[in-house]
J.: 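The structure is given below, and queries will be raised subsequently.
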Amino acid sequence: MSAEFDKPHILQRILPMFRGFDPLLLLCIAWLAGIGLLAMYSAGYDHGTRFVDHARNMLLAAGILFVVAQIPPQRLMMVAVPLYTVGVLLLLAVLLFGITKKGATRWVNVGVVIQPSEIMKIAAPLMLAWWFHRRESVLHALDFVIAFALLALPVALILKQPDLGTSLLVLAAGLAVIFFAGLPWKLVVPPAVLAAVGITWLIWNEPWLCQDGMSWYFLHDYQRTRVCTLLDPMRDPLGKGFHIIQGMIAIGSGGIWGKGFMAGTQTHLEFIPERTTDFIFAAYSEEFGLLGNLMLILGFLLLVWRGLAIAAKAQSLFGRLMAGAVAMIFFTYAFVNMGMVSGILPVVGVPLPFISYGGTAMVTLGLALGVLMSIARYQRLAMAEPKHTL
């Protein structure tokens, strides 16, 4: 038979699927994934199959990234409303008949046990990006009010569980979309100033506010305890303050160069609680020191920078808003986790992307990166198309 009828080789069919992938974004992902595997091998070597499971979760996230990157942004926009609606309904299901673990009701059984709040990390910014894209030509102040309402609903339902960490992540992702959509600075500055004044007042009045028996009507007792523990970890050094104190000791003991791979005493003598999940940054800092931290922070900064660069060049408002939101999601994750481990933010249970153990969080990050890669890929493919002129 003629060669023209020969079936294409499998590589000839697969390679075009990678056409248009952003190489700098892939480099940032590979950089952070490599650090994550290195940190997990040391922190989780005596935690059963943690390292193997972490590597498997990364491969699953990479598969999700690859699949989502094949979907044009216009089609991703079509799933915004259904995904948001399903996410809110699942959050209501959690409120009505959710599963309670360790005092928090965050899960629901729909054949399998899932945590719907994880869906909203992507569904909320996706919905807001769809809304502003739809209203682009007739954008008014009322559209921002509706956007705040769309964001407030899932955030309030997540706070009700209660889950302060996830609610902050959903709120940050949504606010990023609203800000990038053109929220006037005059509406941004006053809340920022009020927040700064409130934090200053809280620090000044900490001895009075944190005394035993004092109630904060706007926060749960455990949330009040976390804030007070942040302001003074030595208030309960063997209890609530233990996490922060041991995290700071591990970070400080790493020095400039670190104690060396697999040589962290705070880590391997099990002084660091949750050393493979929320507090893995402390274990990593102890073994790789300031130099290793700079490499990790640089990886996150490059990832955020690349996300914002993709947003600036996106061909549609939806693409710009989603790319900007994904970049800010990673910034918020990294900033909050490193901040709480090093003692400058309250402990809120936020994982460190690529580094912390956790299947659901890794899948969510893979989905977010897939959306970002889709926007970058179809932008690059559009630019590569030949221009036909008469």
Side-chain angles (χ1 to χ4, degrees), residues 22-44 54 58 61 121 165 168-169 172-173 176 230 243-244 246-261 263-264 266-267 272 274-312 323-358 361-362 364-366 368-369 372:
D22 189 281
L24 290 177
L25 181 57
L26 287 175
L27 178 62
C28 293
I29 294 171
W31 182 331
L32 291 169
I35 293 177
L37 289 172
L38 195 65
M40 185 57 66
Y41 185 87
S42 178
H54 193 58
M58 280 190 175
K121 292 178 182 178
L168 288 176
L169 293 175
L230 168 69
H243 287 65
I244 295 178
Q246 295 304 320
M248 291 191 292
I249 291 174
I251 293 172
S253 65
I256 296 178
W257 308 106
K259 294 181 178 178
F261 181 57
Q266 291 292 116
T267 301
I272 301 177
E274 308 296 338
R275 71 174 191 256
T276 61
T277 52
D278 294 346
F279 274 72
I280 194 170
F281 177 65
Y284 172 81
S285 299
E286 183 185 24
E287 296 192 350
F288 296 95
L290 177 63
L291 182 61
N293 284 341
L294 291 176
M295 297 296 289
L296 178 61
I297 293 171
L298 180 60
F300 280 117
L301 289 177
L302 288 173
L303 178 60
V304 173
W305 166 79
R306 192 57 197 158
L308 294 176
I310 291 169
V326 170
M328 296 313 297
I329 285 172
F330 279 93
F331 172 81
T332 305
Y333 263 99
F335 178 76
V336 172
N337 180 274
M338 293 180 184
M340 73 178 192
V341 173
S342 55
I344 63 173
L345 291 175
V347 177
V348 292
V350 172
L352 187 60
F354 300 100
I355 317 298
S356 296
Y357 178 85
M362 192 71 74
T364 303
L365 295 177
L369 288 171
L372 185 59

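Owing to the predicted nature of the structure, the values given are computational and were not obtained by experimental measurement. Numbering of residues begins at 1 and proceeds along the displayed sequence. Reckoned from all heavy atoms, side chains included, excluding hydrogens, waters and symmetry mates.
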J.: Indicate the atoms forming the closest heavy-atom contact of Ala173 with Ala325, along with that distance.
T.: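 So the minimum-distance heavy-atom pair works out to O-CB, 4.0 Å.
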J.: Please report the closest heavy-atom contact between Ala33 and Met58, naming both atoms and the distance.
T.: O-CE, 3.5 Å
J.: Show, in sequence, the C-alpha distance, side-chain angles and deciding distance for Met338 and Ile344, and conclude whether the side-chain contact (heavy atoms from CB on, under 4.5 Å) test is met.
T.: CA-CA 9 Å; Met338 293 180 184; Ile344 63 173; over 6 Å; no
J.: Nearest 0.5 angstrom please: Ile329 CD1 to Leu369 CG, how far?
T.: 9.5 Å
J.: So do Leu169 and Val350 actually touch side chain to side chain, heavy atoms under 4.5 Å?
T.: yes
J.: Under a 3.5 Å distance rule, please check whether Asn337 uses its side chain to pair with a backbone N or O of Phe281 as donor and acceptor.
T.: no
J.: State, to 0.1 Å, how close Glu286 and Ser253 come at their nearest heavy-atom pair, and which atoms those are.
T.: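 It is CG-OG, 3.7 Å.
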J.: What pair of heavy atoms forms the shortest contact from Asn293 to Ser285, and how long is it?
T.: OD1-OG, 3.0 Å
J.: Between Glu287 and Phe261 (side chain of the first, backbone of the second, donor and acceptor by atom type, cut-off under 3.5 Å), is there such a pair?
T.: no
J.: Check step by step if side-chain contact (heavy atoms from CB on, under 4.5 Å) holds for Val341 and Ile251.
T.: CA-CA 9 Å; Val341 173; Ile251 293 172; 3.9 Å; yes
J.: Measure the acute angle between the ring planes of Phe354 and Phe330, then classify it against the limits of 30° and 60° as parallel, tilted or perpendicular.
T.: parallel
J.: Rounded to the nearest 0.5 Å, how far does CG of Leu24 lie from CG of Leu303?
T.: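 The CG atom of Leu24 is 11.5 Å from CG of Leu303, to the nearest 0.5 Å.
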J.: How close do Ala43 and Thr267 get, heavy atom to heavy atom, and via which atoms?
T.: CA-CG2, 4.3 Å
J.: Please, which pairs that meet salt bridge (Lys or Arg N to Asp or Glu O under 4.0 Å) have at least one residue in residues 297-312, sequence neighbours excluded?
T.: Asp22-Arg306
J.: Closest approach of Gly324 and Leu308, non-hydrogen atoms and distance?
T.: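 What the structure gives for the nearest pair is CA-CD2, 4.3 Å.
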J.: Is a side-chain N or O of Ser356 found less than 3.5 angstrom from the main chain of Thr277, in a donor-acceptor match?
T.: yes
J.: With rounding to the nearest 0.5 Å, note down the distance linking CG in Leu290 to CE in Met295.
T.: 12.0 Å
J.: Would you say the side chain of Trp31 lies within less than 4.5 Å of the side chain of Leu298, judging by non-hydrogen atoms?
T.: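 Yes - at least one pair of side-chain heavy atoms lies under 4.5 Å apart.
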J.: Keeping Tyr333 on the side-chain end and Leu365 on the backbone end, is there a donor-acceptor pair under 3.5 Å?
T.: no
J.: Determine yes or no for a side-chain-to-main-chain donor-acceptor pair under 3.5 angstrom, with Ser42 supplying the side chain and Ala39 the backbone.
T.: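 No, because the side chain of Ser42 does not come within donor-acceptor range (under 3.5 Å) of the backbone of Ala39.
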J.: Going by heavy atoms in the side chains, are Ile35 and Tyr284 under 4.5 Å from each other?
T.: yes
J.: With side chains defined as the heavy atoms from C-beta onward, is the minimum distance between Leu352 and Phe300 less than 4.5 Å?
T.: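 Result yes, sub-4.5 Å side-chain heavy-atom pair found.
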J.: I need the Arg275 CZ to Ile280 CD1 distance, nearest 0.5 Å.
T.: 9.5 Å
J.: Between SG of Cys28 and CG of Leu372, what distance do you get to the nearest 0.5 Å?
T.: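 Atom-to-atom, Cys28:SG and Leu372:CG are 10.0 Å apart.
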J.: Working to the nearest 0.5 Å, report the span between CD1 of Ile355 and CG of Leu32.
T.: 6.0 Å
